[in-house]
Number of protein chains: 2
Amino acid sequence: MRSDLEPAGQKKPTFIEEARRRQIVETGIQTIASQGFSQASLAEIARKAGISKGVISYHFAGKEALVDEILRSLLRQPAEFIKERVSRHDSALGKLRAYIEANFEFMKTHRDNYVALVDLWGRRGSSGGHSSFNAEAHEPARHYLAHILDAGRERGELRQIPVRTTASVVQAAIDGVMLQWVFDEEAIDLDVSRAEILEMVTRHVMPQATGELR
Amino acid sequence: MRSDLEPAGQKKPTFIEEARRRQIVETGIQTIASQGFSQASLAEIARKAGISKGVISYHFAGKEALVDEILRSLLRQPAEFIKERVSRHDSALGKLRAYIEANFEFMKTHRDNYVALVDLWGRRGSSGGHSSFNAEAHEPARHYLAHILDAGRERGELRQIPVRTTASVVQAAIDGVMLQWVFDEEAIDLDVSRAEILEMVTRHVMPQATGELR
DNA sequence: TCAAGATCTGACCGCATAGTCAAATTTTAG
DNA sequence: CTAAAATTTGACTATGCGGTCAGATCTTGA
């Protein structure tokens, strides 16, 4: 018998347990990306994974729990990649630019992740209320960016920008392009969009260039 | 008996026909916005509208057709509002700024529209393939913005920017903020975000300027 | 080796859904 | 006014879903 309710933290996540969960999550992402969430039934995911439907119920408390795990995976992967890239730089501007570049680089190699993510954006809890998952999901990114900007502003490296708002807008530009690209891959050139955002944002936060303090 | 297949165009959309369709579409939007698409069954929409479920089937070919009409409504309304606002200006910069401002103004007064829209973004056709609806939906906005920018560039009013890409990025920033706002109304101040985007975009497209206001 | 637990199977259940339809009711038009 | 057409009702069907479960199979550890 398995239980999600261990006394304190995880007790013993079996080898098989971990592997199966990973497999099911991964297959779930692929299924959502290729057929849409509405077609991603437990039966279909199980079929694609080559396992019985009961296995999913055995390893996950329910579909809700599986989708939560999928969402966590979709958010964790790019976050880790981006943080690593940002950490290679010291200056605020370098970090900011690396943040934007890493976002686009991850996009290019993980399209399915974002197609699935957009598909899950519309999700709500079973009850009527809003799922706070999405709200909490984008907050860390804003906070992380704001931290970078704030450090640069303190050091006089950047303009006196409203860091929280600027962080929000920078993330918005990235997300917005990603959305258009998910909807129509042909219509958006990620490299060109990345360069444009980099230029625009750099102009926006730099103290001099051609502009000056607000 | 009613038929969607008239010889050429609509023949005679009855009074009741039009009114009922409007009512059902509007109730559908409210239902999706308040309870999520997954809870927006035909039965629930009918209940909220105070009509029998069969009425929906009578006036719409199926749920797919209803959702298509809802999407068209969600896209048409802001588009009309924004175009009117933009048309009041003559300069490219004026039109560009009016475009951004009108987007945010419409958002503030029509939150349900955007909550519903985000909920419908993940939709696909019943078959596996991608719904081209979303792809086609954002294209007109990009085209419209690009037209404004191009005119301004030709006239020397704006920098030599890549108009299509800039249009895409400007729209992206708006959409991205809208998304964050839909997910977490408290976390986003639309007025502040609007001002920030206006400043950033103005700096980006202006030939020189040291960052002044309109 | 072998018992105990972990994992898996496939049939099954209850339920919500989209869609149908004959009959009832309302609106239209001559 | 009245008959035909348009509209509405509510019960009905078929389908697919998430979830359950008894029993089969595999893994582990002493």
Side-chain angles (χ1 to χ4, degrees), chain A residues 1-6 10-25 27-28 31-32 35-70 119-120 123-128, chain B residues 1-6 10-25 27-28 31-32 35-70 119-120 123-128:
Chain A
M1 197 75 79
R2 229 194 113 270
S3 172
D4 276 328
L5 308 171
E6 298 297 353
Q10 69 290 7
K11 201 186 261 179
K12 41 175 184 178
T14 312
F15 202 54
I16 292 178
E17 175 80 12
E18 258 187 283
R20 270 274 186 260
R21 285 178 71 99
R22 259 201 307 273
Q23 178 203 20
I24 293 170
V25 165
T27 308
T31 306
I32 293 171
Q35 300 170 250
F37 180 70
S38 64
Q39 304 300 314
S41 64
L42 295 185
E44 176 60 16
I45 294 172
R47 193 192 63 77
K48 274 203 175 183
I51 58 180
S52 169
K53 193 177 55 159
V55 181
I56 300 179
S57 293
Y58 179 74
H59 290 286
F60 293 91
K63 192 175 190 184
E64 190 102 346
L66 170 58
V67 172
D68 280 357
E69 188 96 356
I70 286 176
D119 219 326
L120 292 177
R123 224 175 44 91
R124 302 285 221 299
S126 306
S127 58
Chain B
M1 197 76 79
R2 228 195 115 268
S3 171
D4 277 329
L5 308 170
E6 298 297 353
Q10 68 292 4
K11 199 185 265 180
K12 43 173 182 176
T14 313
F15 211 48
I16 291 178
E17 176 80 11
E18 258 187 281
R20 270 274 186 258
R21 286 178 70 99
R22 259 201 308 273
Q23 177 201 22
I24 292 169
V25 166
T27 307
T31 306
I32 293 171
Q35 300 170 249
F37 180 70
S38 63
Q39 303 300 314
S41 64
L42 294 184
E44 176 62 16
I45 294 172
R47 192 192 63 78
K48 274 203 175 184
I51 58 179
S52 169
K53 193 177 56 158
V55 181
I56 299 178
S57 294
Y58 179 75
H59 290 285
F60 292 90
K63 192 175 188 183
E64 191 102 346
L66 170 58
V67 172
D68 281 356
E69 188 97 357
I70 286 176
D119 219 326
L120 292 177
R123 225 174 44 90
R124 303 284 219 300
S126 305
S127 58

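Note on naming: letters A, B, ... go to the chains in the order of the sequence lines (proteins, then strands), and numbering restarts at 1 for each one.
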Starting the side chain at C-beta, find the nucleotide from [options] nearest to [X].
X: B/S41; options: C/dA18, D/dT8, D/dG19; value: C/dA18
X: A/V55; options: C/dT9, C/dT7, D/dG18; value: C/dT9
X: A/Y58; options: D/dG19, C/dA6, D/dT9; value: C/dA6
X: B/K53; options: C/dG10, C/dT7, D/dA11; value: D/dA11

* Assign each of A/L42 and A/G54 to its nearest nucleotide of DNA chain D by heavy atoms, then name whichever residue's nucleotide is nearer the 5' end. =>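 On the 5' side of the pair lies A/L42.
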Which heavy atom in [X] sits nearest to a heavy atom in [Y], and how many Å separate them?
X: B/A49; Y: B/Q23; value: O-NE2, 3.3 Å
X: B/I45; Y: B/I24; value: CG2-O, 4.2 Å
X: A/T27; Y: A/T31; value: O-OG1, 2.7 Å

* N/O (side chain, B/H59) to phosphate O (OP1/OP2, D/dT8) under 4.0 Å ->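 Indeed, a polar side-chain atom of B/H59 lies that close.
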* Below 4.0 angstrom from OP1 or OP2 of C/dC8, is there any side-chain N or O of A/R20? ->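 The answer is yes; a side-chain N or O of A/R20 sits under 4.0 Å from OP1 or OP2.
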* Would you call B/E44 and B/R47 a salt bridge, taking side-chain N to carboxylate O under 4.0 Å as the test? ->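 Result for this pair is yes, salt bridge flagged.
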* Looking at every strand, decide which applies to B/S57 at a 4.0 Å heavy-atom threshold: base, sugar-phosphate, or nothing. =>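 Base contact - B/S57 has a heavy atom under 4.0 Å of at least one base atom.
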* **Separation of C/dT9 P from A/I56 CD1 (nearest whole Å)** =>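 Interatomic distance, CD1 of A/I56 to P of C/dT9: 11 Å.
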